[in-house]
Amino acid sequence: MQRRQVICLLGSSSVLGTVGCLGSTESEPAGRETESDPTTTAPQSSAATSPTTNSSRVRQWAKEADSRGPVRPDGEPISVDRTITDDPGYEQDNVEYFPQNKTVRYVKLRSGDEPLEYGTWSFEEWGEIESAEVGAARARTVTARRLGVEEVGSGMSSPPDDAETEGMVITVQISKALNRDGEVVSWPVATFPALKESAPQSVDVTLSIEGDTVSRQVPVYVSYSIMHYD
């Protein structure tokens with residue numbers, strides 16, 4: 001089956017990168033590790049870079065390592081429940097939910113502030129994307145806390161070719177950034193083995209909107225990359 005090719009990198013302060021977000025509140029199921037996630041803002045997309053670190057061990061590892069992953073991590077799974085409020089119109093979030101036929105209409109193309117073209121998802125299609133976006137924010141926050149660092153990167157994408165799932169997945173990532181001269185401008189915040197040990201294996205996401213609920217266990221992958229900047 002041909003996989004839908006969707007890739008979105010999320011920085012430490014963004015949740016949604018492709019279609020916008022709906023206002024939301026959330027709670028955590030009992031028995032799962034939890035972490036407050038303040039990111040319920042309007043859409044933005046950004047490639048995440050790791051903050052600098054003075055750890056000589058991380059620097060030595062980063063000098064020797066090539067890009068790695070994506071692979072499944074070993075950390076304890078986590079979960080999040082989110083209740084979403086859909087404000088009327090498309091001005092703030094580019095999407096609107098229609099409970100009568102369980103569809104989500106979104107703005108595909110704008111000219112300034114005016115929508116030019118719309119698209120439609122089924123409730124299940126929207127839930128697949130939204131659960132990955134919500135889960136990525138949670139996985140990013142929890143992984144950073146487990147590692148004892150300020151932040152890590154996260155993203156959502158189609159699964160690797162050898163994955164058993166067909167739905168969208170989460171990637172938690174660290175990176176080393178180089179300038180055009182090959183000089184390091186940003187070191188990874190942790191080693192890849194530490195990332196693999198700390199990141200959750202999956203995020204159980206439950207979304208509720210207008211009385212309708214969708215739940216999905218979103219697989220998590222981890223990766224390390226070397227990023228080059230001009």
Side-chain angles (χ1 to χ4, degrees), residues 6-29 32-51 69-70 72-73 75-86 92-95 97 104 106 121 125-159 165 167-175 189-190 195 198-209 213-223 225:
V6 180
I7 299 176
C8 174
L9 298 181
L10 306 178
S12 62
S13 61
S14 66
V15 173
L16 306 181
T18 54
V19 299
C21 66
L22 308 176
S24 63
T25 59
E26 62 187 59
S27 60
E28 305 297 338
R32 288 285 192 178
E33 181 173 357
T34 64
E35 183 76 13
S36 176
D37 180 6
T39 50
T40 56
T41 56
Q44 54 180 315
S45 177
S46 60
T49 59
S50 301
R72 295 298 299 276
E76 184 72 18
I78 59 176
S79 61
V80 57
D81 290 349
R82 175 162 291 183
T83 299
I84 296 173
T85 302
D86 182 19
Q92 298 299 321
D93 52 29
N94 289 325
V95 294
Y97 180 57
V104 177
Y106 64 96
W121 286 311
E125 290 173 326
W126 168 84
E128 178 187 320
I129 296 171
E130 186 78 2
S131 62
E133 292 173 338
V134 170
R138 176 66 64 223
R140 179 180 67 241
T141 302
V142 172
T143 302
R145 183 179 61 76
R146 289 177 178 177
L147 286 170
V149 301
E150 182 178 349
E151 62 182 38
V152 294
S154 68
M156 47 174 283
S157 69
S158 301
T165 182
M168 299 192 73
V169 300
I170 296 164
T171 301
V172 177
Q173 59 243 356
I174 55 175
S175 62
V189 296
L195 177 68
S198 300
Q201 297 173 359
S202 61
V203 185
D204 290 327
V205 181
T206 298
L207 305 173
S208 300
I209 179 172
T213 300
V214 60
S215 297
R216 178 173 175 247
Q217 184 181 78
V218 189
V220 175
Y221 289 79
V222 291
S223 68
S225 63

Exercise. Begin from the C-alpha positions of Ser208 and Thr213 and carry the test side chain to side chain donor-acceptor pair (under 3.5 Å) through to its verdict.
Key: CA-CA 4 Å; Ser208 300; Thr213 300; 3.2 Å; yes
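- Taking both residues in full, the closest heavy atoms of Ala199 and Arg146 are given as C-NH1, 3.9 Å, listed atom of the first, atom of the second, then distance.
- Across all non-hydrogen atoms, the minimal contact from Tyr97 to Ile209 is CB-CD1, 3.6 Å.
- In terms of heavy-atom proximity, Ala136 sits nearest to Ser154 at O-OG, 3.4 Å.
- For the atom pair CG of Asp81 and OG of Ser215, the computed distance is 7.5 Å after rounding to the nearest 0.5 Å.
- Nearest heavy atoms, Arg138 versus Ser79: NE-O, 4.4 Å.
- No donor-acceptor pair under 3.5 Å is formed between the side chain of Asn94 and the backbone N or O of Tyr106.
- Across all non-hydrogen atoms, the minimal contact from Ala144 to Glu151 is CB-CA, 3.9 Å.
- Remark: the backbone N or O of Glu128 is paired with a side-chain donor or acceptor of Ser131 at under 3.5 angstrom.
- Each of Val203, Thr143, Ile78 was scored for a side-chain contact (heavy atoms from CB on, under 4.5 Å) with Val220, with one residue passing: Val203.
- Atom OG1 of Thr171 and atom CE of Met156 lie 10.5 Å apart (nearest 0.5 Å).
- Every residue two or more places apart in sequence or in another chain that forms a side-chain contact (heavy atoms from CB on, under 4.5 Å) with Pro219 is listed here: Arg72, Thr165, Val169, Arg216, Tyr221.
- Residues Gly167 and Pro159 approach most closely at O-CD, 3.2 Å, considering heavy atoms.
- Between Glu125 and Ile129, every side-chain heavy-atom pair lies at or beyond the 4.5 Å cut-off.
- Annotation: side chain of Leu147 is in contact with side chain of Leu195 (closest heavy-atom distance under 4.5 Å).
- Interatomic distance, CD of Gln217 versus CD of Gln201, reported as 9.0 Å (0.5 Å rounding).
- With sequence neighbours excluded, the residues forming a side-chain contact (heavy atoms from CB on, under 4.5 Å) with Val214 are Phe123, Trp126, Leu207, listed by chain and number.
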